[in-house]
Number of protein chains: 4
Amino acid sequence: MAPQNKEQLDQKKHERKAQIMRAAIKVFAENGIKLTKISMIAKEAKVSHGLVYHYFTSKDEILYASLDWAVEEHKSAKLFQELNDHEVSPLEQIKQFTLFAFTESDTEISNGVFRIIQNLSSTNDLPEHLVQFVEKAGQFYIESLYPLFVEGQNSGEIIKGDAEELLGIYLTVLSGIMADDPAFWKDNTEQKVGILTRMISER
Amino acid sequence: MAPQNKEQLDQKKHERKAQIMRAAIKVFAENGIKLTKISMIAKEAKVSHGLVYHYFTSKDEILYASLDWAVEEHKSAKLFQELNDHEVSPLEQIKQFTLFAFTESDTEISNGVFRIIQNLSSTNDLPEHLVQFVEKAGQFYIESLYPLFVEGQNSGEIIKGDAEELLGIYLTVLSGIMADDPAFWKDNTEQKVGILTRMISER
Amino acid sequence: MAPQNKEQLDQKKHERKAQIMRAAIKVFAENGIKLTKISMIAKEAKVSHGLVYHYFTSKDEILYASLDWAVEEHKSAKLFQELNDHEVSPLEQIKQFTLFAFTESDTEISNGVFRIIQNLSSTNDLPEHLVQFVEKAGQFYIESLYPLFVEGQNSGEIIKGDAEELLGIYLTVLSGIMADDPAFWKDNTEQKVGILTRMISER
Amino acid sequence: MAPQNKEQLDQKKHERKAQIMRAAIKVFAENGIKLTKISMIAKEAKVSHGLVYHYFTSKDEILYASLDWAVEEHKSAKLFQELNDHEVSPLEQIKQFTLFAFTESDTEISNGVFRIIQNLSSTNDLPEHLVQFVEKAGQFYIESLYPLFVEGQNSGEIIKGDAEELLGIYLTVLSGIMADDPAFWKDNTEQKVGILTRMISER
DNA sequence: AATGAATGAGCCTTCATTCAT
DNA sequence: CATGAATGAAGGCTCATTCAT
C-alpha cells in the first residue's frame, strides 16, 4: 500500500513532464528542431523514448509544450521585474535587460527558448499556432524594449533614427550571438554588454 | 560524337564539378550540413543525384571539397584586395571589410563559406581535417583584422582594451548575424555597418 | 475495509473478469483481433489497462479465456433451446435458428463470438488450441443444423443435393454477412431471413 | 552503353509499378488495410521496402493508386462485356455476372479490389477521395445490376419487393462470401451461383 | 558521363507488457 | 486489488549510397 494522495501523484507527474521539457528545451536549442531526435531528448532527460510519448503525443507537441512551459516558468516571473525601475536611465535599463536576459539563474532555459524561437522564425510551413507563438514571443521583446528606445532617443542618450529599425538591429545582434555562441556571455558579461550598447548610444 | 581531346574533357569535368560544388556551398549554407540532402544539391546543380556520386564519394567529401574549392577560388583572390589600401583609416578599412564580406559580387559563395564554417564550428565529432580547416578559416579572419584593430587603437579611432577580445566580440556579432539572419544585409547595408562599428569606435 | 469472506472475494473477482471478458468479446468482434488494443478493452470495461494484466497474462490469453467464457456462458445455455421444438417444420426451425443467432437477447456476445471465430479462421499460425477451438465451434453449428437439413430434404421442404455441401453454402453466406456487415440484421430481420432461406427451400 | 529509348524505360517503370500494385492489391485484400505492412507488399512484390517508396509516397497512396489501377486494368475492360447480351433473360444475366465476377482470368485482382472496397466501406475517417472512390465503385455494381433486377421483376422471374433492397441483400451476400471465404468459388461455381440466385428467383 | 532504380540504416511513433506504488 | 508510469520491439517513412543501364 503506497498511500500517496492525488496531489502528490500530480506533483510527481508534473515534475516528470518538467524534467522532459527541460531536456527538450536544451536539446532543441542546441541542435535545432529538425535535427533533434526524440532519443536525444529522452537521453538528456534520462528516460526511455517510450515515456516521452507517454507524456506528449508528438515531437511537435513536445516543442510547443516545452516552449509554453519555459516561457511561463521563466519569462514572466522574472525577466522584467526590474525593467520598470524609473530610477535609472533608458539606456541603463536596456543594459540591465540585456544583462538579465543572459544571466538569470536558469540561463540554459531562457537562453534555449530564445534560440528555439530563432530557429522557428527561419522555418517555413510553421503550423499556425507556432507562428502565433513565435510572433507573440518576438512581440514580447519588442514591446518591452521599444519604449525604452524611444525614451532614450528623446533624452538624447540613444542615437537618432527609426527606433524600430534600431531595435531590430539590436535584437538581431543579440539573437545572433545566442544562436552562434552562447558561451559568449560566460565571462566579462557586463563589459560585453557595455560594448554592445555602444552601437546605439549617443556619444 | 565529337572527339574531344583530353584537355577539353578535363575542362568539362572540372566545370561539372564546379557546378556541383557551387550548388553545394549554396545549399549547405542555407540549410545547414545535416539538413542538406544530396537531392537538394543535385537539384540546385540541375543534375541527377547519381551524377553527384560520380564526382564525389560521399556527402562529407562534397562538403570538404566544396569548401576547399570555394576558399581557393574566392577568398584569397578577392576578399582582401582593398584591405591594404593605406589611404584610408583602419576603422574605415574595417567597415569596408565588413561591407565587403557581405556584398562582394560573388556573395553567395563567400557568404556561404562563412555560414558553413559557422555551422561546422558548432558540430561535435568533426573529423580532424575539418577541425583544422575551420580553425584555419577562423584564423584567417582574425589575422586579417587584428592589425587593423591595433592600428586603430593606436590612432585613437578604436576604443581601448584587449584588441584580441574586442575583435572576438566583433566577429562573434558578425558571424551571429550571418548564421541567424543572412537577409539582414539586404537593405541599408552601409548604415547597418556604420551602427555595428559604433561598438568599437571611439567617439 | 469491510472484511469480506473468501466467497465474496471470489465472486467479486469473477465479476471483474467477466466484465473484462465481456468487453473483450465486444471489442475483438468489432475490430478484429490484431487491431484490438488492450487499451480499447480496458476502456470498454472501464478499468485501467494495468488491471487487465492483473487478471490475464497476455492479449492472447484474454482472447482465449473470453471465448471460452462466452461459449460456456451463452451458447450451450440458450442458443438451441427452441431448436428441438418438434412442432414446427425443419425449414421453419432453420429460420428460427438463423433469426435467433442474430437477435437473441444477449446478441452482442454470441454474435461477437461468431465474428471472432470468423476472424480466427482466416488467421495463419494459429496456436493449436485455438485451431481446435475454432474447429469445435464450427462443428457445433454444423452438427446442430445438419440433421435439420437432412430432415428437410426428406420432407421435400429443402432442395435435393449433398446436405453437407448445402449447409456449407448456407453457413458461408451467414458468416460472410456477419463478418462483412453486422448491421445487416438491424432492420427487417425476418424478411431477410426469409429471403436467405429461399436459397435452400424447395418451391 | 545501354541505348534504351525513353519508351522502353517508361515501359519498364510502368511494369515495376504494376508489379508492386498487384502485390499491394493481393496483400491489402488478404490482410485488411491497417494490418498490411509495407514490408508485406514489398516482400510479395519481391522488392525492398525502399523501392516501394521510390514509386509511391505513402501507404495510402499505394492503396489508392493500386485500386485505381486495378479498376482501370480489369473492371472496365472485361467485367461487362457480356452483360448487355439481350439474348438471355435478366436472371440469367445476373447469374453470368455473378459467375463472371469471380472467375475472370485475373481473379486475384478483381476479387482483391472487391474485398478492399469492402474493407474501406467499414472504415471511419476515410479521406474524401477514397470515400468517393468507394461510393463510385459501389455505384458501379449497383448501377449495373439494378436494371436487371427491375427487368426481372417485370418479367416475373424475380420475386417482388423493393428492387433496391433486394439488390442490397444480394450484394451483401456476395461481398460477405468474398470477404469471408474467397476459396468458396473454387469448385462447383455454377452450382453455387445457382443456389445463391434462388434467393431472388420466383418459383 | 549520366540517369534513376534499388537497397537498407535510422528516426518517429504505437502499443503490448512489466513494474513501482 | 488497482493505477498508470516505464520500457522496448516493430512498423512507416526518409535519405545516403550503390548499381545497372
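Order of the sequence lines sets the chain letters (A, B, ...), proteins ahead of strands, with each chain counted from 1. All values below were derived from every heavy atom in this structure, side-chain atoms included, with hydrogens, water molecules and symmetry-related copies excluded.
- If you take NZ on Lys13(A) and CZ on Arg16(A), they are separated by 13.0 Å, rounding to the nearest 0.5 Å.
- For Ser58(A), the side chain to side chain contact (heavy atoms under 4.5 Å, CB included) criterion is met by Asp60(A), Glu61(A), not counting sequence neighbours.
- Note: NZ (Lys17(D)) to C1' (dA6(E)) measures 16 Å, nearest angstrom.
- Residues forming a salt bridge (Lys or Arg N to Asp or Glu O under 4.0 Å) with Lys26(A) (at least two apart in sequence, or on another chain): Glu44(A).
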**OP:** For the pair Glu15(A) and Gln19(A), evaluate side chain to side chain donor-acceptor pair (under 3.5 Å) and give the outcome as yes or no after the intermediate values.
**Re:** CA-CA 6 Å; Glu15(A) 270 170 32; Gln19(A) 175 187 1; over 6 Å; no

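- Of the side-chain N and O atoms in Tyr53(B), none sit less than 4.0 angstrom from OP1 or OP2 of dT18(F).
- Looking at residues 54-63 of chain C, you'll see His54(C), Tyr55(C) sit with a heavy atom under 4.0 Å from some atom of DNA chain F.
- In this structure, the CG atom of Leu51(D) is 16 Å from the P atom of dC19(F), given to the nearest Å.
- We find the CG-CG distance between Leu126(B) and Leu120(B) to be 5.5 Å, quoted to the nearest 0.5 Å.
- Contacts between residues 25-49 of chain A and DNA chain F, defined by a heavy-atom separation below 4.0 Å, involve Val47(A), Ser48(A), His49(A), listed by number.
- Atom CD1 of Ile20(A) and atom OG of Ser66(A) lie 9.0 Å apart (nearest 0.5 Å).
- Secondary-structure stems of DNA chain F, taken as three or more successive Watson-Crick or G-U wobble pairs (i with j, i+1 with j-1) under a 3.5 Å distance threshold, comprise E:2-21 with F:2-21.
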Show me the side-chain donor-acceptor pairs of residues 28-39 of chain C shorter than 3.5 Å, one per line, residues at least two apart or across chains.
from     : atom 1 : to       : atom 2 : distance (Å)
Asn31(C) : ND2    : Val27(C) : O      : 2.9
Thr36(C) : OG1    : Val27(C) : O      : 3.3
Thr36(C) : OG1    : Gly32(C) : O      : 2.6

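- Where Arg16(B) and Lys13(D) meet DNA chain E, the nucleotide closest to each residue was compared, and Arg16(B) sits on the side nearer the 5' end.
- Scored by the side chain to side chain contact (heavy atoms under 4.5 Å, CB included) test, Ser48(D) finds Leu51(D) as partners (sequence neighbours excluded).
- Here the CE atom belonging to Met21(D) is positioned 10.5 Å from the CD1 atom belonging to Ile62(D), to the nearest 0.5 angstrom.
- Note: NZ (Lys12(D)) to C1' (dA5(E)) measures 9 Å, nearest angstrom.
- To the nearest 0.5 Å, the span separating CD1 on Ile25(A) from CD1 on Ile116(A) amounts to 4.0 Å.
- Across the protein-nucleic acid pair, Ile20(D) atom CD1 and dA5(E) atom P stand 11 Å apart, rounded to whole Å.
- Residue pairs meeting the ring pair (Phe, Tyr, Trp, His ring centres under 6.0 Å) criterion with at least one partner in residues 43-67 of chain C, sequence neighbours excluded, are Tyr64(C)-His129(C).
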